[in-house]
Amino acid sequence: MKFLIFTAFLLFFGFSYAEGPLQEKYRSHRVQQGETVYSISKKYGISEAAIYKLNPDAQNGIGSNSILIIPSGDIISAGSAQMEFKKHRVKRKETLFSISQKYGISVDDIKKYNKHLYSKGLKKGEKLQIPIFPKEVTTTIANNGNSNSSNESSTDVQKHIVQPKETKFGIARKYGISIAELETFNPDVPSNFPIGTELTVPNTSVMESATIEDETFGFYEVLPKEGFYRLKVKLGLTEEEIVSLNPYAKDGLKEGMILKVPKELVGEVSENVDKVNLESRIRDLEMKKVAILLPFQLKRMKSDSAGSNEDLIKGNRAVRIALDFYSGALMAAEFAKEKGISVQLDVFDTEGNVNKTNRIIADADFASMDAVIGPLLSKNVERAASLLKSDNVPVFSPLSNRDIKLTSNLFQTLPGNDMLQRRMIDYLKENRGERNVLLISDNTKSKEKQAILNALPGITTLAPREKGFLYVVDIEKKIDKTRENWVILETTDPVIISNVVGLLNGMPQEHKIRLFTTDKNDSYDYDDISNMHLANLNFTYPSVSKSYDHNDKNAFVVSYKNKYGVLPNRFAARGFDVTYDVLLRLASEGNVYDASNEDFETEYIENKFRYQKKMFSGYKNNALYILRYNKELRFEVVE
């Protein structure tokens, strides 16, 4: 070893001060901390083999301050030019590999100038120094067709031609990368990856095929912090089962990894979930910037006419909802501040117009927002999420449970009707026991009827007569007088609802009848439908929210009454619940994405939240209630 150091010492001084041809062909390099043979080869635009040829001991490893002989001559050294850098802000789901491909450098190049990455992983939002190498080096590498450096550069990636039945999910899985990385490699390719498209992919693949038996299997994208245990809880698959379907997962799971799983498990949600009080998890008290986009219609307000403004509010339901929701959001900000969380609410009037929404986002600094709540209308919230997707700004749809296009940054805070229906059917299935079950439905609910029959085989069915009515005899002959009867009513026709509810109430109490529906739609608010009759039947249905008890001394209810002089309605309560949940998620993890990846449930005044990321899209709230209208004319939470 001493001889090697002495030889290197002689070589260093010999080559540094030598005269003539030798000086023109070689130079020396003192190894800096963190450098590798690979990074040094890239720095000088030569191959690793060329370094090993002149420095055979380097194959056993190199250490700081050791000296390497570097060929020079026609090769232009990157070390002779002053190094320049650019800043890169790490986005969610980015990896060192995807960033290196974006800038055309190696992972080692990034680590060299960001030395903490040798021991720590990337963190969303951190800024990296990205070296900008002189163009001459790139040119030398590209043109040096006879050198190994050219081969190494070209073998980092390869081309993949999209074949029939291949999807971007299957292609990402084939090459062991995430969807985000695949899209980073191919920024100009249409999102559906048409057949025949030429893609840039890593040179090595981990699976033989990019196709999948789509009749039997689907894809699952691994979330941050998910391991085999969490997937066992979520999907019911053991580590051995996951690895047998996805051999490249044997070395462990990583965020963004694409797994093949049985199709029936895709999108499954475990019913066992922990309820969490996020107030006990507050640890990030830095300023939280939240934008609220609501249709206040301020342009139509007249500053000198209180009467006209009052008429506008009374006559425009959207404005009333917006004002009520905003009053609750303001209360949420006050509650958060009392917990030590700094909050900045920036409020914008969308006027209920998608073009105004576009202008608001274009003109304001939304990239710095931690979250956006609103707009109200589904088309406007879709547009806002689409515009803010590139900056990864989370957008919360506050009041719409319609099927909307879920981009990766969009949170749908209300469970969809399909989720409500499935949970109600599951409740009936789990609690049916020996009860006699009768299904009454019309032709507008054929899909729901079939879903109920599939889940509850052997039940009795009944349909209204031609004129849309049922008679006592129609129902009475289906009733079992020896056991409890559960009647499931599926219709959107208020006349049929009124007819059935009235008939059931007129039957003897010993018949023991309880009424259910999977869809409590607006028709149940029809004037001819008696709440007393519904209560007598213990009317049970799924709901996105519950009603708070006015008699409870709830802190929000008391504070709201003191501030505004009235009790909060359901839109004010929702404004509080949505906004407070967002602020607490930000304060617990620093961003709502990390705070929504763990499977837990939160609950506030009238609403609860349990977000699940949908496959390759955004987040849906799967938390809901099963309510029963009891004899005291109150809605009681059954589940």
Side-chain angles (χ1 to χ4, degrees), residues 91-93 124-125 180 191 223 288-296 318 321-322 325-326 328-329 332-333 343-416 544 574-587 589-597 602 607 609-622:
K91 296 180 179 179
R92 186 170 176 268
K93 291 190 177 182
K124 176 183 173 290
S191 59
L223 300 176
K288 310 304 175 194
K289 294 181 64 177
V290 176
I292 296 183
L293 279 66
L294 295 172
F296 295 110
I321 291 174
F325 186 94
Y326 180 52
V343 179
Q344 176 181 321
L345 289 185
D346 292 346
V347 186
F348 301 88
D349 179 13
T350 65
E351 300 175 8
N353 185 289
V354 69
N355 293 327
K356 182 61 184 294
T357 301
N358 291 342
R359 291 197 298 273
I360 289 171
I361 293 175
D363 294 340
D365 180 22
F366 274 77
S368 65
M369 293 295 175
D370 293 301
V372 173
I373 299 175
L376 292 189
L377 299 179
S378 56
K379 65 176 182 180
N380 292 349
V381 81
E382 283 182 359
R383 182 58 178 162
S386 177
L387 292 172
L388 295 171
K389 180 182 176 183
S390 60
D391 290 318
N392 208 32
V393 177
V395 177
F396 288 79
S397 175
L399 289 173
S400 174
N401 70 340
R402 294 181 180 178
D403 288 332
I404 59 178
K405 182 181 180 182
L406 278 179
T407 50
S408 59
N409 62 324
L410 182 52
F411 287 70
Q412 189 163 14
T413 66
L414 282 175
V544 298
R574 180 143 189 88
F576 176 87
D577 288 350
V578 170
T579 307
Y580 197 48
D581 185 69
V582 168
L583 292 173
L584 289 180
R585 286 175 189 266
L586 290 171
E589 292 289 345
N591 68 84
V592 294
Y593 297 111
D594 290 343
S596 303
N597 286 328
T602 59
N607 303 271
F609 304 92
R610 180 188 178 190
Y611 291 112
Q612 182 197 25
K613 189 177 185 304
K614 305 302 290 183
M615 187 65 62
F616 313 117
S617 61
Y619 294 75
K620 278 193 173 184
N621 179 18
N622 291 320

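We use all heavy atoms of the structure for the numbers below, so side chains are in, but hydrogens, waters and symmetry mates are not.
- Two residues are said to be in side-chain contact when any heavy atoms from C-beta on lie closer than 4.5 Å; Pro398 and Leu376 meet this criterion.
- Scanning both residues, Leu294 and Ala322, for their nearest heavy atoms gives CD1-O, 3.6 Å.
- Residue pairs meeting the side-chain hydrogen bond (donor to acceptor under 3.5 Å, both in side chains) criterion with at least one member in residues 374-389, sequence neighbours excluded, are Asn358-Arg383.
- Between Ala332 and Leu583 the shortest heavy-atom distance is O-CD1, 4.0 Å.
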Do any side-chain atoms of residues 361-368 form donor-acceptor pairs under 3.5 angstrom with protein atoms, and if so which ones, sequence neighbours left out?
residue : atom : partner : partner atom : Å
Asp365  : OD2  : Ser368  : OG           : 3.0
Ser368  : OG   : Lys289  : NZ           : 3.0
Ser368  : OG   : Asp365  : O            : 3.0

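- Within the structure, salt bridge (Lys or Arg N to Asp or Glu O under 4.0 Å) contacts touching residues 346-359 (residues at least two apart or in different chains) are Glu351-Lys356.
- The closest side-chain heavy-atom distance from Asn591 to Asp370 is not below 4.5 Å.
- With a 4.5 Å cut-off on side-chain heavy atoms, Ile404 and Ser397 count as touching.
- Residues Val290 and Leu586 have side chains in contact (heavy-atom distance under 4.5 Å, counting atoms from C-beta outward).
- Residue pairs meeting the ring-ring contact (aromatic ring centres under 6.0 Å, His included) criterion with at least one partner in residues 372-405, sequence neighbours excluded, are Phe396-Phe411.
- For the atom pair CD (Gln612) and OH (Tyr619), the distance works out to 10.5 Å, reported to the nearest 0.5 Å.
- A distance of 3.5 Å separates CD1 in Ile373 from OG1 in Thr579, rounded to the nearest 0.5 Å.
- Residues Gly374 and Val395 come closest through the heavy atom pair O-CG1, 3.5 Å.
- Leu414 CG to Leu399 CG: the interatomic distance, rounded to the nearest 0.5 Å, is 6.5 Å.
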**Message:** Checking Thr357 against Ile360 for the side chain to side chain contact (heavy atoms under 4.5 Å, CB included) test, could you report, in this order, the C-alpha distance in whole Å, the side-chain angles of both residues, the deciding distance, and whether it holds?
**Reply:** CA-CA 5 Å; Thr357 301; Ile360 289 171; 5.6 Å; no
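- Lys288 is linked by a salt bridge (charged side-chain N to carboxylate O under 4.0 Å, His left out) to Asp284, counting only residues two or more places apart in sequence or in another chain.
- In terms of heavy-atom proximity, Thr407 sits nearest to Ala385 at OG1-CB, 3.4 Å.
- A distance of 12.0 Å separates CE of Met369 from CG of Asp391, quoted to the nearest 0.5 Å.
- A donor-acceptor pair under 3.5 Å is absent between the side-chain atoms of Asn621 and the main chain of Tyr611, judged by distance alone.
- What you find for Val343 and Ala333 is that their closest heavy atoms are CG1-CB, 4.0 Å.
- For the atom pair CZ (Phe348) and CD1 (Ile292), the distance works out to 10.5 Å, reported to the nearest 0.5 Å.
- For Asp581, the salt bridge (charged side-chain N to carboxylate O under 4.0 Å, His left out) partners two or more places apart in sequence, or in a different chain, are Arg585.
- For the pair Pro375 and Ala384, the tightest heavy-atom approach, listed with the atom from each and the gap, is CD-CB, 3.9 Å.
- Using a distance-only test at 3.5 Å, with no hydrogens or angles considered, no donor-acceptor pair links the side chain of Tyr326 to the main chain of Phe296.
- The shortest distance between side-chain heavy atoms of Val578 and Asn607 does not fall below 4.5 Å.
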**Message:** As a quick check of understanding, evaluate side chain to side chain contact (heavy atoms under 4.5 Å, CB included) for Thr413 and Arg574, giving each step before the final call.
**Reply:** CA-CA 10 Å; Thr413 66; Arg574 180 143 189 88; 2.6 Å; yes
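- One finds the CG atom of Asn409 at 9.0 Å from the OG atom of Ser390 (value rounded to the nearest 0.5 Å).
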